[in-house]
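Worth knowing before you read on, the calculation uses all heavy atoms, side chains too, and leaves out hydrogens, waters and symmetry mates. None of these values were measured; they are calculated from a predicted model.
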Amino acid sequence: MTNPAERLVDLLDLEQIEVNIFRGRSPQESLQRVFGGQVAGQALVAAGRTTDGDRPVHSLHAYFLRPGRPGVPIVYQVERVRDGRSFTTRRVTGVQQGRTIFNLTASFHKPEVGPFEHQLPPARKVPDPESLPTVVDEVREHLGALPEQLERMARRQPFDIRYVDRLRWNADDIEGAEPRSAVWMRAVGPLGDAPLVHTCALTYASDMTLLDAVRIPVEPLWGPRSFDMASLDHAMWFHRPFRADEWFLYDQESPIATGGRGLARGRIYDLEGRLLVSVVQEGLFRSL
(Lines give C-alpha, C1' and ligand atoms only; values in the text may rest on other atoms or scores of the structure.)
Protein backbone atom coordinates (compact mmCIF):
# COMPACT_ATOMS: atom_id res chain seq x y z
CA MET A 1 0.00 0.00 0.00
CA THR A 2 1.92 3.04 -1.29
CA ASN A 3 -0.70 5.76 -1.59
CA PRO A 4 -0.64 7.97 1.56
CA ALA A 5 -4.41 8.48 1.28
CA GLU A 6 -4.93 4.71 1.37
CA ARG A 7 -2.63 4.51 4.38
CA LEU A 8 -4.74 7.16 6.12
CA VAL A 9 -7.93 5.19 5.48
CA ASP A 10 -6.18 2.09 6.83
CA LEU A 11 -4.99 4.04 9.89
CA LEU A 12 -8.59 5.05 10.61
CA ASP A 13 -9.89 1.48 10.21
CA LEU A 14 -9.88 0.38 13.84
CA GLU A 15 -9.93 -3.19 15.11
CA GLN A 16 -12.97 -3.94 17.27
CA ILE A 17 -11.87 -6.05 20.23
CA GLU A 18 -15.07 -5.83 22.33
CA VAL A 19 -18.56 -4.33 22.01
CA ASN A 20 -17.42 -0.80 22.91
CA ILE A 21 -13.65 -1.21 22.68
CA PHE A 22 -11.47 -0.58 19.64
CA ARG A 23 -7.75 -0.67 18.94
CA GLY A 24 -5.94 1.70 16.61
CA ARG A 25 -2.46 1.45 15.14
CA SER A 26 0.11 4.10 15.95
CA PRO A 27 2.79 4.19 13.24
CA GLN A 28 6.43 4.14 14.26
CA GLU A 29 7.44 7.71 13.47
CA SER A 30 10.53 9.77 14.21
CA LEU A 31 8.38 12.10 16.32
CA GLN A 32 8.42 12.85 20.03
CA ARG A 33 4.73 12.08 20.36
CA VAL A 34 1.83 10.63 18.39
CA PHE A 35 0.24 13.21 16.09
CA GLY A 36 -2.84 14.61 17.83
CA GLY A 37 -4.96 14.61 14.67
CA GLN A 38 -4.44 10.86 14.39
CA VAL A 39 -5.73 10.26 17.92
CA ALA A 40 -8.73 12.56 17.44
CA GLY A 41 -9.60 10.97 14.09
CA GLN A 42 -9.34 7.42 15.45
CA ALA A 43 -11.38 8.29 18.55
CA LEU A 44 -14.12 9.73 16.34
CA VAL A 45 -14.12 6.54 14.28
CA ALA A 46 -14.61 4.55 17.49
CA ALA A 47 -17.51 6.79 18.51
CA GLY A 48 -19.14 6.54 15.09
CA ARG A 49 -18.84 2.75 14.99
CA THR A 50 -21.17 2.52 18.01
CA THR A 51 -23.98 4.48 16.32
CA ASP A 52 -26.53 3.35 13.73
CA GLY A 53 -24.70 5.36 11.06
CA ASP A 54 -27.72 7.46 10.06
CA ARG A 55 -26.69 10.47 12.19
CA PRO A 56 -23.60 12.43 11.10
CA VAL A 57 -21.41 13.91 13.81
CA HIS A 58 -22.15 17.60 14.38
CA SER A 59 -19.57 18.41 17.07
CA LEU A 60 -16.67 17.07 19.07
CA HIS A 61 -14.77 18.33 22.10
CA ALA A 62 -11.45 16.73 22.98
CA TYR A 63 -8.56 16.99 25.46
CA PHE A 64 -5.01 15.81 24.86
CA LEU A 65 -4.02 14.62 28.34
CA ARG A 66 -0.65 12.94 27.79
CA PRO A 67 1.67 12.54 24.81
CA GLY A 68 1.17 9.25 23.00
CA ARG A 69 4.12 7.01 22.11
CA PRO A 70 4.66 6.30 18.39
CA GLY A 71 4.60 2.61 17.50
CA VAL A 72 2.40 1.62 20.47
CA PRO A 73 -1.29 0.75 19.79
CA ILE A 74 -3.99 2.93 21.34
CA VAL A 75 -7.15 1.40 22.81
CA TYR A 76 -10.36 3.44 22.53
CA GLN A 77 -13.09 2.76 25.08
CA VAL A 78 -16.51 4.12 24.12
CA GLU A 79 -19.24 5.07 26.59
CA ARG A 80 -22.75 5.22 25.09
CA VAL A 81 -23.91 8.28 26.97
CA ARG A 82 -27.21 8.89 25.20
CA ASP A 83 -29.34 7.67 22.29
CA GLY A 84 -32.17 10.18 21.91
CA ARG A 85 -34.73 10.82 19.23
CA SER A 86 -32.57 13.45 17.49
CA PHE A 87 -29.14 13.30 19.13
CA THR A 88 -26.64 10.58 20.01
CA THR A 89 -23.78 11.25 22.43
CA ARG A 90 -20.60 9.23 22.85
CA ARG A 91 -17.65 9.65 25.20
CA VAL A 92 -14.33 8.09 24.16
CA THR A 93 -11.23 7.48 26.26
CA GLY A 94 -7.92 6.78 24.55
CA VAL A 95 -5.62 4.50 26.56
CA GLN A 96 -2.03 3.58 25.83
CA GLN A 97 -0.01 1.21 28.03
CA GLY A 98 -2.61 1.51 30.80
CA ARG A 99 -2.64 5.31 30.89
CA THR A 100 -5.34 7.65 29.63
CA ILE A 101 -3.85 9.95 26.99
CA PHE A 102 -7.00 11.42 25.39
CA ASN A 103 -10.68 12.15 26.03
CA LEU A 104 -13.31 13.00 23.43
CA THR A 105 -17.04 13.68 23.54
CA ALA A 106 -18.88 13.57 20.21
CA SER A 107 -22.48 14.40 19.39
CA PHE A 108 -24.36 13.03 16.38
CA HIS A 109 -27.50 14.71 15.00
CA LYS A 110 -30.29 13.22 12.90
CA PRO A 111 -30.48 15.34 9.71
CA GLU A 112 -33.33 17.82 9.65
CA VAL A 113 -34.41 20.96 7.80
CA GLY A 114 -34.19 24.10 9.94
CA PRO A 115 -36.54 27.11 9.79
CA PHE A 116 -33.76 29.38 8.41
CA GLU A 117 -30.12 29.51 7.32
CA HIS A 118 -27.39 32.16 7.23
CA GLN A 119 -23.62 32.35 6.91
CA LEU A 120 -21.03 35.11 6.98
CA PRO A 121 -18.91 35.14 3.82
CA PRO A 122 -15.22 34.18 3.96
CA ALA A 123 -13.06 36.89 5.53
CA ARG A 124 -10.92 37.37 2.43
CA LYS A 125 -10.57 36.35 -1.19
CA VAL A 126 -7.74 33.93 -1.85
CA PRO A 127 -6.13 32.44 -4.98
CA ASP A 128 -7.42 29.15 -6.33
CA PRO A 129 -5.49 26.15 -4.97
CA GLU A 130 -4.32 25.02 -8.42
CA SER A 131 -2.52 28.36 -8.86
CA LEU A 132 -0.44 27.87 -5.71
CA PRO A 133 2.67 25.70 -5.19
CA THR A 134 2.48 22.71 -2.91
CA VAL A 135 4.25 23.18 0.40
CA VAL A 136 6.79 20.57 -0.72
CA ASP A 137 7.55 22.48 -3.93
CA GLU A 138 7.85 25.74 -2.00
CA VAL A 139 10.35 24.22 0.42
CA ARG A 140 12.33 22.68 -2.46
CA GLU A 141 12.41 26.05 -4.21
CA HIS A 142 13.87 27.71 -1.13
CA LEU A 143 16.31 24.99 -0.06
CA GLY A 144 17.17 23.56 -3.46
CA ALA A 145 16.40 20.04 -2.22
CA LEU A 146 14.49 18.52 0.66
CA PRO A 147 16.49 17.24 3.64
CA GLU A 148 16.19 13.45 3.92
CA GLN A 149 13.83 13.58 6.92
CA LEU A 150 11.50 16.04 5.15
CA GLU A 151 11.63 13.92 2.00
CA ARG A 152 10.44 10.88 3.95
CA MET A 153 7.68 12.91 5.60
CA ALA A 154 6.57 14.31 2.25
CA ARG A 155 6.22 10.81 0.80
CA ARG A 156 3.96 9.79 3.72
CA GLN A 157 1.89 12.99 3.82
CA PRO A 158 -1.79 12.12 3.20
CA PHE A 159 -2.80 15.73 2.38
CA ASP A 160 -1.77 18.14 -0.35
CA ILE A 161 -1.16 21.42 1.51
CA ARG A 162 -0.83 24.78 -0.25
CA TYR A 163 -0.27 27.97 1.76
CA VAL A 164 -2.15 31.02 0.52
CA ASP A 165 0.70 33.28 1.68
CA ARG A 166 4.31 32.42 0.90
CA LEU A 167 6.19 30.65 3.68
CA ARG A 168 8.13 32.86 6.06
CA TRP A 169 11.78 31.90 6.42
CA ASN A 170 13.46 34.63 8.45
CA ALA A 171 12.89 37.51 10.88
CA ASP A 172 12.31 40.00 8.06
CA ASP A 173 9.47 37.86 6.70
CA ILE A 174 7.58 37.89 10.01
CA GLU A 175 8.02 41.58 10.79
CA GLY A 176 4.57 43.13 11.19
CA ALA A 177 2.85 39.81 10.42
CA GLU A 178 -0.59 39.26 11.94
CA PRO A 179 -1.45 35.96 13.62
CA ARG A 180 -3.33 34.65 10.60
CA SER A 181 -2.77 31.85 8.11
CA ALA A 182 -4.72 30.12 5.37
CA VAL A 183 -4.08 26.86 3.53
CA TRP A 184 -5.82 24.89 0.83
CA MET A 185 -5.90 21.16 1.56
CA ARG A 186 -7.23 17.92 0.14
CA ALA A 187 -6.32 14.26 0.48
CA VAL A 188 -3.71 13.16 -2.07
CA GLY A 189 -5.98 10.35 -3.27
CA PRO A 190 -9.57 9.08 -3.08
CA LEU A 191 -10.88 8.23 0.39
CA GLY A 192 -13.89 6.17 -0.64
CA ASP A 193 -17.51 7.13 -0.08
CA ALA A 194 -18.10 6.48 3.64
CA PRO A 195 -19.07 9.87 5.20
CA LEU A 196 -17.52 8.92 8.57
CA VAL A 197 -14.12 8.36 6.91
CA HIS A 198 -14.21 11.83 5.35
CA THR A 199 -15.21 13.41 8.66
CA CYS A 200 -12.44 11.63 10.53
CA ALA A 201 -9.87 12.37 7.80
CA LEU A 202 -10.69 16.08 8.03
CA THR A 203 -10.46 15.84 11.83
CA TYR A 204 -6.95 14.43 11.28
CA ALA A 205 -6.10 17.34 8.95
CA SER A 206 -7.56 20.00 11.25
CA ASP A 207 -4.67 19.53 13.70
CA MET A 208 -1.92 19.86 11.08
CA THR A 209 -1.60 23.64 10.61
CA LEU A 210 -3.96 25.37 13.06
CA LEU A 211 -1.34 26.37 15.63
CA ASP A 212 0.71 27.98 12.84
CA ALA A 213 -1.43 31.07 13.34
CA VAL A 214 -0.16 31.42 16.91
CA ARG A 215 3.50 31.27 15.85
CA ILE A 216 3.40 33.54 12.81
CA PRO A 217 4.16 36.86 14.59
CA VAL A 218 6.92 35.24 16.68
CA GLU A 219 9.06 32.99 14.47
CA PRO A 220 9.25 31.72 10.88
CA LEU A 221 7.07 28.70 10.18
CA TRP A 222 10.01 26.84 8.64
CA GLY A 223 13.52 26.42 9.96
CA PRO A 224 14.87 25.91 13.50
CA ARG A 225 12.25 26.32 16.21
CA SER A 226 12.71 28.26 19.43
CA PHE A 227 9.46 26.94 20.92
CA ASP A 228 8.07 23.50 21.64
CA MET A 229 4.32 23.30 21.12
CA ALA A 230 1.62 20.77 21.91
CA SER A 231 -2.14 20.68 21.46
CA LEU A 232 -4.10 20.93 24.71
CA ASP A 233 -7.68 20.68 23.51
CA HIS A 234 -9.60 20.68 20.25
CA ALA A 235 -13.22 21.41 19.34
CA MET A 236 -15.01 21.09 16.00
CA TRP A 237 -18.49 21.83 14.68
CA PHE A 238 -19.51 20.18 11.41
CA HIS A 239 -22.05 22.31 9.54
CA ARG A 240 -22.42 20.69 6.11
CA PRO A 241 -21.52 17.44 4.34
CA PHE A 242 -18.16 17.43 2.54
CA ARG A 243 -15.46 15.26 1.02
CA ALA A 244 -11.94 15.49 2.43
CA ASP A 245 -10.51 14.41 -0.95
CA GLU A 246 -11.80 17.63 -2.54
CA TRP A 247 -10.23 21.06 -2.03
CA PHE A 248 -11.11 22.90 1.18
CA LEU A 249 -9.80 26.21 2.47
CA TYR A 250 -8.64 26.29 6.10
CA ASP A 251 -8.68 29.93 7.22
CA GLN A 252 -6.92 30.28 10.60
CA GLU A 253 -6.28 33.02 13.14
CA SER A 254 -5.08 33.42 16.72
CA PRO A 255 -6.94 36.03 18.80
CA ILE A 256 -4.61 35.71 21.81
CA ALA A 257 -1.46 34.08 23.16
CA THR A 258 -0.61 34.56 26.84
CA GLY A 259 0.55 32.56 29.84
CA GLY A 260 2.31 29.98 27.67
CA ARG A 261 -0.92 29.13 25.84
CA GLY A 262 -2.11 30.22 22.42
CA LEU A 263 -5.68 30.08 21.15
CA ALA A 264 -6.34 29.39 17.48
CA ARG A 265 -9.58 29.16 15.58
CA GLY A 266 -10.25 28.05 12.05
CA ARG A 267 -13.03 28.07 9.47
CA ILE A 268 -13.09 25.48 6.72
CA TYR A 269 -14.76 26.38 3.39
CA ASP A 270 -15.31 24.57 0.13
CA LEU A 271 -14.40 26.03 -3.28
CA GLU A 272 -17.75 27.84 -3.44
CA GLY A 273 -17.15 29.60 -0.12
CA ARG A 274 -19.65 27.53 1.87
CA LEU A 275 -18.67 27.14 5.51
CA LEU A 276 -18.23 23.43 6.23
CA VAL A 277 -16.54 23.20 9.63
CA SER A 278 -15.54 25.51 12.51
CA VAL A 279 -12.52 24.63 14.68
CA VAL A 280 -11.05 25.99 17.93
CA GLN A 281 -7.86 24.76 19.56
CA GLU A 282 -5.56 25.82 22.38
CA GLY A 283 -1.87 24.96 22.36
CA LEU A 284 0.92 25.01 24.92
CA PHE A 285 4.11 26.88 23.96
CA ARG A 286 7.40 26.61 25.87
CA SER A 287 10.85 27.92 25.03
CA LEU A 288 13.41 25.31 23.99
Side-chain angles (χ1 to χ4, degrees), residues 31-33 35-37 40 59-64 119-129 131-136 138-139 142 150 157 159-186 202-239 247-270 273 275-288:
L31 301 174
Q32 289 182 318
R33 59 180 72 94
F35 172 53
S59 70
L60 68 82
H61 300 261
Y63 286 91
F64 300 94
Q119 176 204 312
L120 290 173
R124 58 170 172 160
K125 292 185 178 180
V126 299
D128 291 336
S131 69
L132 297 169
T134 68
V135 66
V136 172
E138 198 166 351
V139 173
H142 183 83
L150 283 179
Q157 177 55 257
F159 283 90
D160 183 346
I161 302 174
R162 306 188 182 199
Y163 280 81
V164 169
D165 301 309
R166 297 305 297 265
L167 296 179
R168 297 168 173 88
W169 293 94
N170 53 54
D172 291 338
D173 290 341
I174 66 172
E175 185 175 356
E178 293 187 338
R180 301 179 188 276
S181 179
V183 295
W184 285 102
M185 305 176 78
R186 70 173 174 186
L202 190 139
T203 299
Y204 178 105
S206 70
D207 190 40
M208 297 179 72
T209 61
L210 186 52
L211 291 181
D212 285 355
V214 182
R215 295 174 51 218
I216 281 175
V218 182
E219 66 176 4
L221 290 182
W222 290 84
R225 286 188 177 181
S226 51
F227 302 94
D228 187 24
M229 63 181 186
S231 303
L232 294 175
D233 54 12
H234 198 81
M236 303 179 71
W237 294 263
F238 302 90
H239 309 303
W247 285 117
F248 56 90
L249 175 67
Y250 198 2
D251 192 17
Q252 304 152 120
E253 63 182 6
S254 173
I256 187 170
T258 184
R261 302 186 313 276
L263 186 70
R265 57 194 180 199
R267 293 170 297 278
I268 296 177
Y269 301 92
D270 64 13
L275 182 62
L276 305 176
V277 183
S278 298
V279 190
V280 177
Q281 182 180 68
E282 189 172 46
L284 177 68
F285 291 81
R286 285 178 173 159
S287 299
L288 293 174

Stepwise, does the side chain to side chain contact (heavy atoms under 4.5 Å, CB included) test hold for Asp207 with Ser231? CA-CA 8 Å; Asp207 190 40; Ser231 303; 3.0 Å; yes
Please say which of Leu202, Leu249, Leu275, Asp251 ends up in a side chain to side chain contact (heavy atoms under 4.5 Å, CB included) with Ile268. Leu202
Please step through side chain to side chain contact (heavy atoms under 4.5 Å, CB included) for the pair Arg267 and Glu253, ending with a clear verdict. CA-CA 9 Å; Arg267 293 170 297 278; Glu253 63 182 6; 3.6 Å; yes
Quick one: does His234's side chain get under 4.5 Å of Val279's, heavy atoms only? yes
Are more than 12 heavy atoms, taken from residues, nucleotides or ligands other than Arg286, located less than 6.0 Å from that residue's CZ atom? no
Rounding to 0.5 Å, atoms CZ (Phe64) and CD (Glu282) come to a distance of 12.5 Å
Nearest heavy-atom contact between Ser287 and Phe227 is OG-CE2, 4.0 Å
Please name the pair of heavy atoms, one in Ala257 and one in Val214, separated by the smallest distance, quoted to 0.1 Å. CB-CG1, 4.1 Å
Report yes if the side chains of Tyr269 and Gln119 come closer than 4.5 Å at any heavy-atom pair, otherwise no. yes
Look at atom CG of Leu120 and say whether more than 12 heavy atoms of other residues, nucleotides or ligands are closer to it than 6.0 Å. no
May I ask you to decide if Gly266's main-chain N or O and Gln252's side chain share a donor-acceptor pair within less than 3.5 Å? no
Leu132 to Val164 - nearest heavy-atom pair and separation: CD1-CA, 4.0 Å
Using a 4.5 Å cut-off on heavy atoms from C-beta on, say whether the side chain of Tyr250 contacts that of Leu210. yes
Scanning both residues in full, the closest heavy-atom pair of Pro217 with Ala177 reads CB-O, 3.7 Å
From CA spacing to verdict: salt bridge (Lys or Arg N to Asp or Glu O under 4.0 Å), Arg261, Asp233: CA-CA 11 Å; Arg261 302 186 313 276; Asp233 54 12; over 6 Å; no
If you define the side chain from C-beta out and look only at heavy atoms, does anything of Val218 sit under 4.5 Å from Phe285? no
Spell out, as yes or no, whether a donor-acceptor pair under 3.5 Å connects the side chain of Trp184 to the backbone of Pro127. yes
Side-chain contact, heavy-atom cut-off 4.5 Å: Ser181 with Ile216? yes
Looking at Arg162 and Pro129, would you say the former's side chain and the latter's main chain have a donor-acceptor pair under 3.5 Å? yes
Scanning both residues in full, the closest heavy-atom pair of Met229 with Arg33 reads O-NH1, 3.3 Å
Verify side chain to side chain contact (heavy atoms under 4.5 Å, CB included) between Trp237 and Val280, making sure each step is shown before the conclusion. CA-CA 9 Å; Trp237 294 263; Val280 177; 4.0 Å; yes
From CZ (Arg215) to OG (Ser254), nearest 0.5 Å: 12.0 Å
Rounded to the nearest 0.5 angstrom, the OG1-CG distance for Thr258 and Leu263 is 11.5 Å
Output, in order, the C-alpha distance, side-chain angles, deciding distance and verdict of side chain to side chain contact (heavy atoms under 4.5 Å, CB included) for Val135 and Tyr163. CA-CA 7 Å; Val135 66; Tyr163 280 81; 3.9 Å; yes
